Novice: 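Take a look at the following structure, please.
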Amino acid sequence: MFRPVSSKPDLVAQEHDILNIWRERRTFARLRAQNAGRERWSFLDGPITANNPMGVHHAWGRAYKDLFQRFWAMQGRDQRYQNGFDCQGLWVEVNVEKDLGFTNKRDIEAYGIAEFVSLCKQRVLTYAARQTEQSIRLGMWMDWNDPHELRRLRDRLAEDPSQQVTIRSTAGIDVTDTAEMLVGRLGMPDLGGSYFTFSNENNYLIWSFLAECHRRGWLYKGHDTMPWCARCGTGISQHEMTEGYADREDPGLTVKFPLVDHPGESLLVWTTTPWTLTSNVAAAVGKELRYVKVRQGEEIFWLGRGMAKRALEGPFKVLEERLGQELEGWRYTGPFDDLAAVQSAFAGADGKPAYEHRVVVWDQVGEEEGTGIVHIAPGCGAEDFALGKSLGLPMIAPLDESGIVLPGFGAFSGRDVRDVADPIIESLKHRHRFYRLETVTHRYPHCWRCGTPLVFRLVDEWYISMGAVYDVPREQLTPEQVDASLRYQIMEVIRDIKWIPGFGYERELDWLVNMHDWMISKKRYWGLALPIYDCDCGTINVLGSREELAERAVEGWAEFEGHSPHRPHVDAVKIRCSGCGQPVGRISDVGNPWLDAGIVPFSTMPHGAAAVDGKSWFPADFVTESFPGQFRNWFYSLLAMSTVLRRETPFKALFGYALVYGEDGRPMHKSWGNAIDFDEAAERMGVDVMRWMFANARPEDNILFGWHAADEARRRLLVLWNVYSFFVTYARLAEWDPRQAAPAVAKRAPLDRWILSRVARLANAVEMEFKAYDALAAAKEIDGFIEELSTWYLRRSRKRFARNADPTDRAAAFATMHQALEALTRIMAPIMPFLSESIYQNIVVTSVAGAPDSVHLTPWPTDELKGLNDRALQASMEVAMRVVDLARTLRSQTGIKVRQPLARLWLAMPGADRLVERDALLELVKDEVNVKSIELIGDESALVDRRVKPLLPKIGKKLGSAIPAVMAAARENRFELLADGSVLMGGVTLAADEVEILATPKPGTVVAHDEGLVVVIDTELTAELRAEGDARELQRAIQDARKEAGVELDDEVKVRVDAPAAARNALEEYIRSVEIETRSTIVFGVVPPSADTVAVELDSGAVTIGLAGKAVAP
RNA sequence: GGGGGAGUAGCUCAACGGUUAGAGCAUGGCUCUUAUACAGCCCCGGUUGGAGGUUCGAAUCCUCCCUCCCCUACCA
């Protein structure tokens, strides 16, 4: 017998039970064994940053990942099930710094890089363990490391990285190595478990990638002015800029640059970054722009003509007008010519000034903002740098890597760049160079990690060239051009990918066209050690492997030996320069973390000789990640690296989804009170509710996640639960068991055959949707099925499950419901692994011989159910359901309750003869809407009129301006039906296929209609009908009373009914059937005051009923 | 600043140029039911952001304006 099921499930507790069952029975391991060696489905997990606990936003993507893995497992596919952790980079560093209370890089150096890097590793292990536990809670089936082992490894690493430690692989084999080396070997085949991007293998493979880039001449050192975060002390690459833009208020400062050759006259220049004025080198004007000389009081200024009104304060008089090019070469006195840094930058070889501030022409000068004369500081802006370089201007770089003004800048030296604006303005006022100060709000880049406003700094960084952008359409490129430009090669590669949603392809393409070279260096500590050895002789050595490092090492190897390829140990090694033969050290930079994530197809899916059994998992069939940002990050790095190494795509299909927002439509934010922690969500709403919510979200839109949304999602699941609970309750009462013989499907009621056909169709539809990676469409199918299972199949079948039902029919109903539920649990298992498992365990595992002991070990049911499909029956049933809807509408319009039986229902149904099982279906309708008989009438009936609906899309173009007349005729029912089926109306003749003939009710009767169906009810109530209605009303009241009294379903009760004589008479005929339905014995008479009483207003009079206790002792 | 979207019921979103703009949620009302803290139905709710234009007909196409979002960008 089935285990009893509460009607109010504790979903959360149930999920924990299921987790225990899976663990005890090693269900996942058995699933893997079951599919091992079969056709593969290769999923590549995008690494989650192991830096914090997992959030509900991670849960969205992880729900998709698990969903599709489970689905393909049910398709019998072999899989890798490897989760990934992203480990290296600034994310982790910033948090470790925060924990230590550090404010900048000098603190790290003082603390010790080795210790700092070790803490970074420990933090990764801490959160990898945590996220592993959370992911398991989510139901995600992966080849997980034991979280306790990860924590133990972390603790051993903290104690002494060189100590020998033994850990158990996920396959159960003990492996011994030093703590540091074991950490570096995580995710490798011998240890199993999640891959970690800090692994030795991952790092060395990036080396080989970089060496390959170098071999092809694509790796170079750039000297440029880059966005720079002073707090983090590192440049920010173009890939990282997106999230960092925010509105910011800055000073809008207008200053005077006195002209050397025009005494008393000054240029007016505008800037929002006062600190860059110390490094001013030139002032740029537009060649074709017009400039004016104006007088204000005693002073004379030059500025753009179009800007004068806005930029000048107070009245002015225009004295002269010139083109920008006429100003070229004018010399002016710089704002801070007395600074040593300026003097030395301008000095020639002999120490005398070789350069003077002057006006230059620049095509990018515009007239939208400022004064039309642009302050140029090549050391403080990328565009300024480019201009300065092309004109051979001196460069002045005022900041060190922490944003502190360098020596040589007088009183400003040693101050933080963020604090020098005011002193500079003061100083300018002092020097009579100040003109005006306002406040400007503009979009300004900030550090994506720590939020510090970026500055621009002149630095050396390392880049991978993305190749030329040719000024011709792509299809006209020659193969040679494509071979020379990586970006076009990537563009070719991405054509082979199925992008879901489709706009992903365009977006990636757009990024590829516009992207700059890939800046891969970071002046930090925790990350990939770039294998670049930049020799003073001009030779750049790039190593491709640990072996090459060993081979070429000339010193420091002993210090490195036994360590992961991280700073500081790897920095100890010096190699022999291939150019000059001298020892050369590694550059101190670490790598861009997207290199770490981009190499994982190669580090986790070895191919060729490296493949474990000669078969490669590369390329992946599927990847899925949140798309905002990833087009320039993970997707990009995957594609770039795979294109360089193999010139083919690393994945065949990409499914992108948007962001998780709070219920209020804003990003989740702790301080806004709309954030929900994953753990809290899991333990309060349950993960299946969450997964159901996620599956029902439109992936291309942001999902609004919250408690109300969860309640709504849970509702549909409770409908299913109620069906299940009903089934189990009655199966237990009937002691029904799936092993009992049931009538053959063909012999069952049409209702049974219909729901089985329905579930067969569901299996097929959901399979198709999952294969198209459309979880939403699949969820909608399932949702629709649950709705019909509950509100039609079960609703119409309820009586069939009762004890007094026909035994054969009852057996058929039980068997049908059982099969439908069993199939449904399998179909929804990928989305809701717990709920489906819980139902399956109870109704299948306990009682079906030979059934797998988990729903997740069952195959996808489409093939098993195929034979049950019956399209004609489904179409007919839909008509019946619509008739019921119409009849209900009529009842509610006339105010006649469904409990009140009606004599007749008239039904006009075009094509009624095409319906299969017509009589049986009409019986269902009769029962459902409580009418004694249904009479079919033709559309010629006196009850309906005909109406003509012109099919506008067909006739619109043809008729043009005649349309209004035709439509008016249609509205007013003015038309003539011709013998050949055509229709004359509004002065034109419409062919039969240009119109639809509708049956519509004649006014004056109670009718409802819908697409040709017309339903009319007979509202006349005879005395018998009223009496029967009263009986049902009484029955209902007794059931209510039973419920109030908390009587068990199976208990017999005694009921006293206090009714006037008229009511007694009316009810008399039906008392016996009411007794049966309500499992009671009815006695008319006074209700004792002690009983639970209920008052009912019957048609035949007011009655009071009272439960007088149980009739039969239990 | 450049490019692309989107503005439709209180909220979240639908609606090949086709005449009465629909769903879900929320509010309110009703109903069904020992599946009993389930569910169903109905009502209410709209100048389709605004103004013009094209068309027999516009939420839909065009122009301008307003607002928001996304992508992109160091314009000083």
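Chain naming here is simple, since letters A, B, ... match the order of the sequence lines and numbering starts at 1 in each. None of the values given here were measured: they were computed from a predicted structure. No hydrogens, no waters, no symmetry mates; every other heavy atom, side chains included, goes into these values.
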Novice: Give the rounded distance in Å between these two atoms: CG of A:Leu720 and P of B:A39.
Specialist: 12 Å
Novice: Determine the contact category for A:Ser790: base if any of its heavy atoms lies under 4.0 Å from a base atom, sugar-phosphate if only primed atoms, P, OP1 or OP2 are that close, otherwise nothing.
Specialist: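 Contact class for A:Ser790: base.
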Novice: Would you mind telling me which of B:A35, B:G18, B:U31 lies closest to the side-chain atoms of A:Ile963?
Specialist: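 Selected nucleotide (nearest to the side chain): B:G18.
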Novice: Atom CZ of A:Arg899 and atom P of B:U31: how far apart are they, to the nearest Å?
Specialist: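 It is 8 Å, rounded to the nearest whole Å.
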Novice: Sort out the partner of B:U67 for me: Watson-Crick or G-U wobble, both distances under 3.5 Å, none otherwise.
Specialist: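 WC or wobble partner is B:A6.
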Novice: Specify the closest pair of heavy atoms between A:Val361 and A:Leu387, including all atoms of both residues, with the distance to one decimal.
Specialist: O-CD1, 4.5 Å
Novice: Where the side chain of A:Leu704 is concerned, which of B:U33, B:C32, B:U12 is the nearest nucleotide?
Specialist: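 The closest nucleotide is B:U12.
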Novice: Using the side-chain heavy atoms of A:Arg632, tell me which of these nucleotides is nearest: B:U72, B:A39, B:A35.
Specialist: B:U72
Novice: Output the rounded distance in Å from CG (A:Leu789) to C1' (B:A35).
Specialist: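 Atom CG in A:Leu789 sits about 11 Å away from atom C1' in B:A35.
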Novice: Measuring from the side chain of A:Asn722 (C-beta onward, heavy atoms only), which nucleotide among B:U33, B:A35, B:C71 has the closest atom?
Specialist: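 For A:Asn722, the side-chain atoms sit closest to B:A35.
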Novice: What integer distance in Å separates A:Phe727:CZ from B:C38:C1'?
Specialist: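 Atom CZ in A:Phe727 sits about 19 Å away from atom C1' in B:C38.
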Novice: Below the 4.0 Å mark, does B:C42 have OP1 or OP2 next to a side-chain nitrogen or oxygen of A:Arg891?
Specialist: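 For A:Arg891, the contact criterion (side-chain N or O under 4.0 Å from OP1 or OP2 of B:C42) is not met.
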Novice: In whole angstrom, give the distance that lies between atom CZ of A:Arg888 and atom P of B:G40.
Specialist: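 Between P of B:G40 and CZ of A:Arg888: 10 Å.
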Novice: Just how far, in rounded Å, is C1' of B:C38 from CZ of A:Arg714?
Specialist: 14 Å
Novice: With respect to the side chain of A:Pro953, which nucleotide from B:C16, B:C71, B:A39 is positioned closest?
Specialist: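 For A:Pro953, the side-chain atoms sit closest to B:C16.
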Novice: Less than 3.5 Å apart, any donor N or O on the side chain of A:Asn280 or A:Tyr332 sitting next to an acceptor on the other?
Specialist: yes
Novice: Using purine N1 to pyrimidine N3 plus N6-O4 or O6-N4 for Watson-Crick, or N1-O2 and O6-N3 for G-U wobble, both under 3.5 Å, which nucleotide pairs with B:A59?
Specialist: none
Novice: Send over the distance from A:Arg715 CZ to B:G40 P, rounded to a whole Å.
Specialist: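 Rounded to whole Å, this separation is 6 Å.
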Novice: How far, in whole Å, is B:C16 from B:C43 if one measures between their P atoms?
Specialist: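 Those two atoms are separated by 24 Å.
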Novice: Between B:G10 and B:C66, how far apart are the two C1' atoms, rounded to whole Å?
Specialist: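 Rounded to whole Å, the distance is 22 Å.
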Novice: Hey, is the side chain of A:Thr729 pairing donor to acceptor with the base of B:A35 inside 3.5 Å?
Specialist: no
Novice: Report the nucleotide, chosen from B:C32, B:C56, B:C25, that has the shortest atom-to-atom distance to any side-chain atom of A:Val898.
Specialist: B:C32
Novice: Considering only side-chain heavy atoms of A:Pro628, which listed nucleotide, B:A35, B:C32, B:C71, is closest?
Specialist: B:C71
Novice: Looking at A:Tyr730, does any N or O in its side chain come under 4.0 Å of the phosphate oxygens OP1/OP2 on B:A35?
Specialist: yes
Novice: Does the plane of the ring in A:Tyr636 sit parallel, tilted or perpendicular to the ring in A:Trp511? Use 30° and 60° as the thresholds.
Specialist: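 Correct class here is perpendicular.
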Novice: On a whole-Å scale, what distance lies between the C1' atoms belonging to B:A9 and B:C70?
Specialist: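 About 26 Å, rounded to a whole number of Å.
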Novice: If you pin A:Arg1032 and A:Asp701 to their nearest nucleotides in RNA chain B, which one's is more 5'?
Specialist: A:Asp701
Novice: Quantified in whole Å, what is the C1' atom distance between nucleotide B:U27 and nucleotide B:U33?
Specialist: 25 Å
Novice: Given the P atoms of B:A21 and B:C44, what is the spacing between them in whole Å?
Specialist: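 Per the computed distance, 14 Å lies between those P atoms.
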Novice: C1' atom, B:A59 versus B:C13: distance in rounded Å?
Specialist: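 The answer is 14 Å between these two C1' atoms.
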Novice: For A:Arg795 and B:G40, is the shortest distance between a side-chain N/O and OP1 or OP2 below 4.0 Å?
Specialist: no
Novice: Between A:Gly960 and A:Lys8, who's closer to the 5' end of RNA chain B by nearest nucleotide?
Specialist: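 Nearest nucleotide further toward 5': that of A:Lys8.
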Novice: What is the separation between atom CD on A:Glu787 and atom C1' on B:A35, rounded to the nearest whole Å?
Specialist: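 In whole Å, B:A35 C1' lies 14 Å from A:Glu787 CD.
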Novice: With heavy atoms under 4.0 Å as the rule, sort A:Thr271 into base, sugar-phosphate or nothing.
Specialist: sugar-phosphate
Novice: If only side-chain N and O atoms count, and only distance matters, is there a donor-acceptor pair under 3.5 Å linking A:Ser279 with A:Thr276?
Specialist: no
Novice: Assign the ring pair A:His375 / A:Phe257 to parallel, tilted or perpendicular, where the plane angle (0 to 90°) is split at 30° and 60°.
Specialist: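 Ring orientation, 0 to 90° scale: perpendicular.
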Novice: Under 4.0 Å from OP1 or OP2 of B:U72: is there any side-chain N or O of A:Arg507 that close?
Specialist: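 Indeed not, no polar side-chain atom of A:Arg507 lies that close.
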Novice: Across all strands shown, which nucleotide pairs with B:A14 by Watson-Crick or G-U wobble geometry, both distances under 3.5 Å?
Specialist: none
Novice: Does B:A14 have OP1 or OP2 sitting under 4.0 Å from an N or O in the side chain of A:Arg698?
Specialist: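 For B:A14, OP1/OP2 do have a side-chain N/O of A:Arg698 under 4.0 Å.
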Novice: At under 4.0 Å between heavy atoms, what does A:Leu794 touch on the DNA or RNA strands: base, sugar-phosphate, or nothing?
Specialist: base
Novice: Between B:A39, B:U33, B:C71, which nucleotide has the shortest distance from any of its atoms to the side chain of A:Arg798?
Specialist: B:U33
Novice: Looking only at heavy atoms, what is the nearest atom pair of A:Thr225 and A:Gly381, with distance?
Specialist: CG2-N, 3.1 Å
Novice: Taking atom P in both B:A39 and B:G22, what distance in whole Å separates the two?
Specialist: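 Looking at atom P only, B:A39 and B:G22 are 27 Å apart.
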Novice: If you measure from the P atom in B:C65 to the same atom in B:G1, how many Å do you get, rounded?
Specialist: 13 Å
Novice: Ring-plane angle category for A:Trp736 and A:Phe814, please: parallel below 30°, perpendicular beyond 60°, tilted otherwise.
Specialist: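 Parallel, since the angle between the ring planes stays under 30°.
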Novice: Indicate the ring-plane relationship of A:Phe631 and A:Phe635, choosing parallel, tilted or perpendicular according to the 30° and 60° boundaries.
Specialist: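 Ring orientation of A:Phe631 relative to A:Phe635: perpendicular.
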